[in-house]
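What follows is a set of notes on a single structure, which appears directly below.
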Amino acid sequence: MSDERLNILVTTAWPYCNGDLHIGHIAGAYLGADIFARYQRLRGHNVLMISGSDTHGTPITVRAEEEGITPREVVDRYHPRIIRLWQELGISFDLYTETDTENHWRVSQDFFLTHLQKGYIYKDTMRQWFCLTDQQFLADRYVEGTCPYCGFPEARGDQCDNCGRILDAIELKSPRCRICGGTALEIRDTEHFFLDLAKLNAPLLAWIQEDKEHWRPKVLNYTRAQLESGELRGRPITRDIAWGITVPVSGYEHKRIYVWYEAVIGYYSATLEWSEITGQPEAWKQWWQDPAARTYYFIGKDNIPFHTIIWPGMLIGYGGLNLPYDVPANEYLNVEGRQLSKSRRWVIEVLDVLERYDPDPWRYTLTAIMPETADVNFTWEEFVRRNNDELVATWGNLAHRVLSFTYKHFDGTVPRPGPLDDQDQALLEASAEAFDKVGRLIDAVQLRAALREVRTLAEQANKYLNEKEPWKQIKHDRDAAATTMYVALQVVDRLKVLFAPFLPFSSQRLHEYLGYEGNIMGRQWTEEIQETQKRHLVLRYDGSDIPIRWEPGTLPPGQKLRPPQPLFRKLDPAVAEEEVERMLRQAEQVEA
RNA sequence: GGCGGCGUAGCUCAGCGGUAGAGCAGGCGGCUCAUAAUCGCCGGGUCACAGGUUCGAAUCCUGUCGCCGCCA
């Protein structure tokens, strides 16, 4: 690990702001990003972690129609809830914003105009359904009809829910308008703008062939296969809908920019917004123009092509901005053997479970089973087991036995050690080496393995105590017991740091029990940002006062401890069954 | 139909060219500081199947079977 200070941009997929987030979202993108960002901050790198709510696109308008409210009202309901989730789970975005801001509109329109002017956008005509009653074109999701392949009468314009085929809306038989329910539709020509991906194929291919050894094989193989096929086609980037960013071209103001084009620009626009808010208008250049800067995109596997082909292509077309350094895409998290599904109500919503459980057990379990290389299956039984047998038994108990023993026998003070024997030194060395080992794994975004490595050190420390038996030493050789507890306390103090990116809440408490002052988690707060016309809520973070670093420190002898409490609670194994039943009841309500 | 992934101990999974590993579950033992936590030991696998490459394959290649994605 070099000591060079890097500019590191950590970003995550922008969640659609049409509902609450579930543990699949967290395990897929946000938790990994947070662990990575917290670690890199402790290393002393110049980290900026940003994201925001995706407020546009049909998922939002469909939701609004279902409830008879405006899209903006949908956003205003869920955006603050998503922000509250980040706070409760400790996801440390330096800025979490949204896409319906003047800043994001301006930056997106600038991208559009720049692409247009540089020849990466062209105009073409498409054939689309037009509703004679509403006098407007209908985007895919606004037409329903009979599937031309399987005859299913309720097929949507983009896909048939019965046979699963991807459809072109104009293929539908007996189409109906979803807005007015009428059938007075006809196919008309409509003009749209297209991103010329074919033109970007060659430069993308050149980019993907250099310095990508650190990419996950699956992400790299998939991307290479797409680019080497040389079959990238133009994609429409405008739509005939009424919600979204307007097309900044005279004569086309009634059309909107397609959400897939505009949302990814948020990675850049949010960095500009952060620079603006913090009064450092040039600061964004550290991450977007420094050639040594690294940008990481934490996403789910469904998003891979947007981040390894389309967004890099857009950046190439725009010019002058850094391309992704890594796209550590995760696979899916299933629950109790079934795929998570909002519509079938098969979900574990994070805000909901945080009412019954602490955040760190979730962070622990979801990291331990993070779907880094394959889909994984979450079960409540495993959640309870990981909590009780690993988090509580191995780590929480280690911290507690060391703290409470010291507190009782050494007057609540870190004892002064005598000479260290081989065993003492071996454990201290192992705890120092752990920073290097775990650090390498996090740098490579292998978080499961990194967490396992930290847990191994906790196991070594438990073993050390069993061999030293300080409860016997204290009876006949107080100095020997003092040395043992000194060594154990050093290791617990270091484990506090090693666990901090994964388990920030409990590391903070341990920090206090160990007698230290200060906040090692950083501070999160919300803020209303007023632009010329619009107003929006953002989440911010400040970790500049964090008093620990990613290195083996020394807990000073003589430091006064605070009265210790257990770090984690054991869970009654019965909760696993109760939670599964709760989920089954929820899912059945939908089917009924 | 095309592309890709997976199939390793009862369970969940790691290993991905050099004498089969971890955690949990099961059995036995040590300890009693600690949230009946901890530590040690034991049993248990023809690494889906069949060929091939190699001095040597769970690990590379080919095929078969079984699951699962993505695309058409």
Side-chain angles (χ1 to χ4, degrees), chain A residues 149 159-160 163-168 216-229 231-233 300-306 329-334 336-339 358 361 364-365 368-410 423 441 446-453 455-456 458-475 481-482 484-485 488-489 492 506 513 564-573 576:
Chain A
Y149 299 99
Q159 186 175 12
C160 173
C163 68
R165 276 178 191 269
I166 308 289
L167 304 178
D168 187 335
R216 292 186 177 168
K218 225 174 224 182
V219 177
L220 190 54
N221 290 342
Y222 176 83
T223 305
R224 278 203 175 128
Q226 295 284 310
L227 292 173
E228 281 166 7
S229 77
E231 288 168 358
L232 294 189
R233 287 175 301 175
K301 64 176 168 187
D302 52 325
N303 253 324
I304 291 172
F306 288 98
N330 276 348
E331 312 269 320
Y332 289 148
L333 180 95
N334 297 318
E336 303 287 348
R338 288 159 69 170
Q339 203 164 68
D358 293 327
Y364 182 86
T365 302
I369 65 169
M370 199 166 269
E372 290 174 339
T373 54
D375 290 357
V376 299
N377 185 35
F378 172 95
T379 64
W380 280 97
E381 195 185 346
E382 173 154 27
F383 173 68
V384 172
R385 187 189 71 68
R386 293 265 185 194
N387 181 75
N388 290 356
D389 298 341
E390 294 182 7
L391 190 57
V392 175
T394 304
W395 170 224
N397 183 54
L398 170 68
H400 192 236
R401 69 196 293 210
V402 170
L403 285 168
S404 58
F405 189 92
T406 309
Y407 199 79
K408 199 190 305 179
H409 294 287
F410 293 95
Q423 236 180 326
L441 289 166
Q446 294 179 25
L447 306 180
R448 262 193 321 191
L451 181 60
R452 201 157 46 225
E453 190 65 40
R455 194 177 68 228
T456 300
E459 283 163 1
Q460 286 175 289
N462 274 319
K463 184 188 223 163
Y464 167 86
L465 285 173
N466 280 30
E467 286 167 0
K468 284 281 182 178
E469 301 186 305
W471 46 92
K472 285 184 181 167
Q473 292 176 317
I474 193 76
K475 289 176 187 160
T484 299
M485 295 321 290
L489 280 165
V492 167
S506 47
Y513 297 153
Q565 294 288 318
L567 288 180
F568 310 103
R569 292 180 298 147
K570 261 193 101 154
L571 294 172
D572 182 345

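By convention in this document, chain letters (A, B, ...) are assigned in the order of the sequence lines, proteins followed by strands, and residues within each chain are numbered from 1.
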[N] pairs with, by Watson-Crick or G-U criteria that keep both distances under 3.5 Å:
| N | value |
| --- | --- |
| B:G29 | B:C39 |
| B:U59 | none |
| B:G1 | B:C71 |
| B:C11 | B:G23 |
| B:G44 | none |
| B:G66 | B:C6 |

Quick one: the side chain of A:Asn397 and the base of B:U35, do they pair up donor-acceptor inside 3.5 Å?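 Not at all, since no donor on one side and acceptor on the other fall under 3.5 Å apart.
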Atom pair distance, as rounded to whole Å: [atom1] in [X] and [atom2] in [N]:
| X | N | atom1 | atom2 | value |
| --- | --- | --- | --- | --- |
| A:Lys218 | B:C6 | NZ | C1' | 8 Å |
| A:Arg385 | B:U35 | CZ | P | 22 Å |
| A:Glu372 | B:G15 | CD | C1' | 15 Å |
| A:Asp302 | B:C71 | CG | P | 10 Å |
| A:Arg448 | B:G15 | CZ | C1' | 12 Å |
| A:Glu467 | B:A34 | CD | P | 20 Å |
| A:Arg452 | B:U12 | CZ | P | 17 Å |
| A:Asn466 | B:U32 | CG | P | 10 Å |

Nearest-nucleotide 5' precedence on RNA chain B, A:Glu459 against A:Pro470: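 Counting from the 5' end, the first nearest nucleotide belongs to A:Pro470.
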Nearest-nucleotide 5' precedence on RNA chain B, A:Pro566 against A:Tyr222: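 Upstream on the strand: A:Pro566.
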[atom1] gap between [N] and [M], integer Å:
| N | M | atom1 | value |
| --- | --- | --- | --- |
| B:G18 | B:U59 | C1' | 11 Å |
| B:G43 | B:G26 | C1' | 9 Å |
| B:U32 | B:G17 | P | 47 Å |
| B:C55 | B:A50 | P | 23 Å |
| B:G44 | B:A25 | C1' | 12 Å |
| B:G7 | B:C61 | P | 14 Å |
| B:U54 | B:C42 | C1' | 37 Å |
| B:C24 | B:U19 | C1' | 27 Å |

Nearest 0.5 Å, what's the CD-CD distance between A:Glu382 and A:Glu390?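 That separation rounds to 8.0 Å.
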For a 4.5 angstrom cut-off between non-hydrogen side-chain atoms, does A:Thr365 reach A:Leu391?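 They are not in side-chain contact.
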Tell me, do A:Tyr332 and A:Pro371 make a side-chain contact under 4.5 Å, heavy atoms counted?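 No, side chains not in contact.
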Of the options [options], whose atoms approach the side-chain atoms of [X] most closely?
| X | options | value |
| --- | --- | --- |
| A:Lys463 | B:U32, B:U12, B:C39 | B:C39 |
| A:Ser404 | B:C31, B:U35, B:A34 | B:A34 |
| A:Lys408 | B:C31, B:A34, B:G23 | B:A34 |
| A:Asp389 | B:A37, B:A25, B:C39 | B:A25 |

How would you label the contact of [X] with the nucleic acid (heavy atoms, under 4.0 Å): base, sugar-phosphate, or nothing?
| X | answer |
| --- | --- |
| A:Glu390 | sugar-phosphate |
| A:Tyr332 | nothing |
| A:Ala393 | sugar-phosphate |
| A:Leu567 | base |

According to a cutoff of under 5.5 Å between the ring centres and under 30° between the ring planes, does A:Phe405 stack with the base of B:C33?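 By the stated criterion, A:Phe405 and B:C33 do not stack.
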Is the phosphate of B:G69 approached by A:Lys301 (side-chain N or O, under 4.0 Å from OP1 or OP2)?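 For A:Lys301, the contact criterion (side-chain N or O under 4.0 Å from OP1 or OP2 of B:G69) is not met.
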Would you indicate, yes or no, if B:A14 has its OP1 or OP2 atom less than 4.0 angstrom from a side-chain nitrogen or oxygen of A:Thr373?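 Looking at the OP1 and OP2 atoms of B:A14, one of them is under 4.0 Å from a side-chain N or O of A:Thr373.
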Donor-acceptor pair, [X] side chain versus [Y] backbone, under 3.5 Å?
| X | Y | value |
| --- | --- | --- |
| A:Glu336 | A:Trp380 | yes |
| A:Arg216 | A:Ala329 | yes |
| A:Asn387 | A:Tyr364 | no |

Show the numbers, then the answer: is there a side chain to side chain contact (heavy atoms under 4.5 Å, CB included) between A:Leu451 and A:Met370? CA-CA 11 Å; A:Leu451 181 60; A:Met370 199 166 269; over 6 Å; no
Parallel under 30°, tilted from 30 to 60°, perpendicular over 60°: which one fits the rings of A:Phe405 and A:His409?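 Rings of A:Phe405 and A:His409: tilted, 30 to 60°.
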